[in-house]
Peer 1: 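Once you've had a glance at the structure underneath, I'll fire off some questions.
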2 protein chains.
Amino acid sequence: MAPQRTNMREVADLAGVAMSSVSRVLSGHPDVSPAMRQRVMAAVESLGYQPDMLAQSLRRKETRSVGFVVSDISNPLQSQIALGAETALRAKGYSMLLTNSENDPALDSAHIRLFQQRRVDGLLLSLAAEDDPQTFSLLSSAATPIVLIDRELRGEAGRRASSVLSDHRTGMRDAVGHLLDLGHRRVGLILGQPMRFSRERLEGLKDAYAARGLQPLYTVVEGQLEPRHGRAATQALLDAAEPATAIVAGGNQLLNGALAEIQQRGLRVGADLSLVSCDEISLTQLYQPPIAVVRRDTRALGRHAAELLLSQLEAQEEDDQGRKRTTREPEVVLLPTEFVARPSCAPPADAA
Amino acid sequence: MAPQRTNMREVADLAGVAMSSVSRVLSGHPDVSPAMRQRVMAAVESLGYQPDMLAQSLRRKETRSVGFVVSDISNPLQSQIALGAETALRAKGYSMLLTNSENDPALDSAHIRLFQQRRVDGLLLSLAAEDDPQTFSLLSSAATPIVLIDRELRGEAGRRASSVLSDHRTGMRDAVGHLLDLGHRRVGLILGQPMRFSRERLEGLKDAYAARGLQPLYTVVEGQLEPRHGRAATQALLDAAEPATAIVAGGNQLLNGALAEIQQRGLRVGADLSLVSCDEISLTQLYQPPIAVVRRDTRALGRHAAELLLSQLEAQEEDDQGRKRTTREPEVVLLPTEFVARPSCAPPADAA
DNA sequence: TTGAAAGCGCTAACAC
DNA sequence: GTGTTAGCGCTTTCAA
């Protein structure tokens, strides 16, 4: 029996009270007599009444929902962030709308617009690009709080949004430092799109060389965070006149491609070639030999993003027109990364 | 400038027309003159008006949103399903609300109820349990179409919901058949919760033994789909009086645990012990030696689930009270699995 | 403490 | 083809 939905009117009628009284009981208004509460609750029970959040949202001008834009939820990095974020949001009574941008900045902005039409209370964004004009203008004039996840925007958009960032630079500095200390000089760094995480990783690598006063014999290969690029870049690094003796993959997708190429060439990780990846996955832990990583707590990244957004949400007040207005300034949270040395790193093969 | 949101009233006033005309233009009503369309669109542009989907939903009695309950989005299996589902939903203009049940059946039902209050048009469920009474009663009387993902419910709930199922049995039969043909007789099967996928896998294993007229020397270890269980089960299988010579892990989490134990014991996969896993992940492909798997197209699983739901949604009509009513019967879609033999499977070590 | 009434922003009859 | 009107289901003044 697909039950026709009961509305508040019916509850009020059955209880013989006004709708406003039902509303007060259900929303925990202080000024309700125990008798009233009883009558109403009895009616609610007997009808199996469930309030319509749509109508509540329209009236209250808040949906208790948050839009989350990722490029690809099937990427372990992003799904772990999503888990952390959803759990934190749910704990505060918020629901999460999720969408995939498929690495297309045009979809980023389309989804932001859609979420705005759905009147989400806030936005959690892991954008496909840091310089899309459409996205920029949408965010510059957004009416809700926004938290960027590991992204950095310039201009007005950047000034309006909060962000949760990972300290890729430090982790990468330690990773490359470890390789240099093992005797490597020609480190190959495979990066993804030109976004903050790529820039910071490059800086970290430079830091490591600079701190040791070494010539910049490293090679950087930029591209997309995809296995194809990981593989092509690895080919390039190994086929160079002066081949890299150690490779650092800036993400799990790149690692997949790199490993595929390494295996096809019959190279032994941690012997013929040293290898480091960014972000822990089951593969890095269980591979033989285990693969060194620049690690971070991805779930905490999502959790912090959600909590930052929630704190901005709570800091809102309504102006005289009944519209929400953010009173708090955007904030930036920096989360640590940590290099974990593993047997995939060893002295270079040609070190006599 | 956080822009106060324009509403349809303002657009109508600016264009000097009635609200209903604005509505008609925006919703593509056939009977509108080009002149009217122009006037309205000009006003819409100049105000940057974006319709309020909340109000639309309340009025139209549909939200164009779907609730998706998973146990843990950070699990590669589920995030791939989610990607497939979200992409298909988005293509038809639907948004996805995502929540994690954390493998807790009580959260399953709580989230279903919440989604119902949010008036989602349909539900996509990868439930934590197939026998929770709360979930059962909610689903038995649900007002919207429901698609179960790789789950099977009995009773009224099962009769009301559609489902997309994987043919685990065939894949497992081939996997175990392969092991038996290599000479293994004591196969250890590690399973998760007592749900359809576990039952089917067990049946597949039995099929393989039966087809060859072999004694049932296999061992089955049931538990949770978690690394801990994978590890403990592997210990048990290897420490038995008659240790298993081949292990089949019923999922990627179980594989993680199994591999950890195998490595700690210094056993060589594909030599001292044969290994098969269920569902492809980067680890199974890139491990050395590569790990045989019972494979399925997880993204297609999500896509089919979404498309099945969408087809049920399209088959709805409104009754005289303006309520939606499903006209189509629930459907079941069965998707294939495929065993992929790899070097992790070899004749048993004791085979002279 | 409770009820009556207005209205959130939109759509869909219905009338012209 | 366009305007007027009556709500969708709820919350929230405002009075009583």
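The basis for the numbers below is simple: all heavy atoms, side chains too, and nothing from hydrogens, waters or symmetry mates. Here the structure is a predicted model, which is why all the values come from computation and not from measurement. So that the names make sense, note that chain A is the first sequence line, chain B the second, and so on, each numbered from 1.
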Peer 1: Output the rounded distance in Å from CD (Gln38(A)) to P (dT1(C)).
Peer 2: 16 Å
Peer 1: Is the backbone of Asp131(A) close enough, under 3.5 Å, to the side chain of Thr135(A) for a donor and an acceptor to pair up by distance?
Peer 2: no
Peer 1: What is the bend of the helix from dT1(C)-dA16(D) to dC16(C)-dG1(D) when you compare the axis at one end with the axis at the other, using five pairs each and rounding to 10°?
Peer 2: 40°
Peer 1: Without decimals, in angstroms, what is the distance between Arg24(B) CZ and dT11(C) P?
Peer 2: 11 Å
Peer 1: Under the salt bridge (Lys or Arg N to Asp or Glu O under 4.0 Å) rule, what pairs show up with a residue in residues 79-88 of chain B, not counting sequence neighbours?
Peer 2: Glu86(B)-Arg90(B)
Peer 1: Asp108(A): which residues meet the salt bridge (charged side-chain N to carboxylate O under 4.0 Å, His left out) condition with it, sequence neighbours left out?
Peer 2: none
Peer 1: Hey, does Ser23(A) reach any base, or is it just sugar-phosphate, or nothing, if we go heavy atoms under 4.0 Å?
Peer 2: base
Peer 1: Want to settle it: does Ala55(B) or Gly16(B) sit nearer the 5' end of DNA chain D, counting the closest nucleotide to each?
Peer 2: Gly16(B)
Peer 1: Does some side-chain heavy atom of Asp104(A) sit less than 4.5 Å from a side-chain heavy atom of Ser101(A)?
Peer 2: no
Peer 1: What pairs with Asp13(B) under side chain to side chain donor-acceptor pair (under 3.5 Å), at least two apart in sequence or on another chain?
Peer 2: Arg9(B)
Peer 1: Using modelled atom types and a 3.5 Å cut-off, is there a donor and acceptor pairing between side-chain atoms of Arg303(A) and backbone atoms of Ala88(A)?
Peer 2: no
Peer 1: For residues 27-34 of chain B, which residues have at least one heavy atom under 4.0 Å from DNA chain D?
Peer 2: Asp31(B), Val32(B), Ser33(B)
Peer 1: Can you sort out which residues in residues 45-53 of chain A have a heavy atom within less than 4.0 Å of DNA chain C? Ascending by number, please.
Peer 2: none
Peer 1: Using atom NZ of Lys61(B) as one end and atom P of dC10(C) as the other, report the distance to the nearest whole Å.
Peer 2: 17 Å
Peer 1: Under a 4.5 Å cut-off applied to non-hydrogen side-chain atoms, are Leu138(A) and Arg113(A) in contact?
Peer 2: yes
Peer 1: Once side chain to side chain donor-acceptor pair (under 3.5 Å) is applied, do any residues pair with Ser162(A), and if so which ones, sequence neighbours excluded?
Peer 2: Gln312(A)
Peer 1: What pairs with Glu130(B) under salt bridge (charged side-chain N to carboxylate O under 4.0 Å, His left out), at least two apart in sequence or on another chain?
Peer 2: Arg199(B)
Peer 1: Please give, in whole Å, the distance from dG9(C) P to Arg60(B) CZ?
Peer 2: 17 Å
Peer 1: Under 3.5 Å, which protein N or O atoms sit close to an N or O of nucleotides 5-7 of chain C? Give each pair with its distance.
Peer 2:
residue: dG7(C); atom: N2; partner: Arg59(A); partner atom: NH1; Å: 3.0

Peer 1: How far apart are the closest heavy atoms of Ala157(A) and Ser140(A), and which atoms are they?
Peer 2: N-OG, 3.7 Å
Peer 1: Flag the pair Ser126(A) / Ile81(A) as yes when at least one side-chain heavy-atom distance between them is below 4.5 Å, and no otherwise.
Peer 2: no
Peer 1: Got a sec, which residues hit side chain to side chain donor-acceptor pair (under 3.5 Å) with Arg119(B), two or more places apart in sequence or on another chain?
Peer 2: Asp52(A)
Peer 1: Examine distances only and state if a side-chain atom of Ser27(B) and a backbone atom of Ser23(B) form a donor-acceptor pair shorter than 3.5 Å.
Peer 2: yes
Peer 1: List the atom pairs, with distances to 0.1 Å, where a side-chain N or O of residues 33-44 of chain B and a protein N or O form a donor-acceptor pair under 3.5 Å, not counting sequence neighbours.
Peer 2:
residue: Ser33(B); atom: OG; partner: Met36(B); partner atom: N; Å: 3.1
residue: Arg39(B); atom: NE; partner: Ala15(B); partner atom: O; Å: 3.1
residue: Arg39(B); atom: NH2; partner: Ala15(B); partner atom: O; Å: 2.4

Peer 1: With a 4.0 angstrom cut-off to heavy atoms of chain B, pull out the first and last contacting nucleotide of DNA chain D, in 5'-to-3' order.
Peer 2: dG1(D) to dG9(D)
Peer 1: Using only atom types and a distance under 3.5 Å, with no angle test, would you say the side chain of Asn100(B) pairs donor to acceptor with the backbone of Ile73(B)?
Peer 2: yes
Peer 1: Do Thr99(B) and Phe115(B) have side chains that get closer than 4.5 Å, going by heavy atoms?
Peer 2: yes
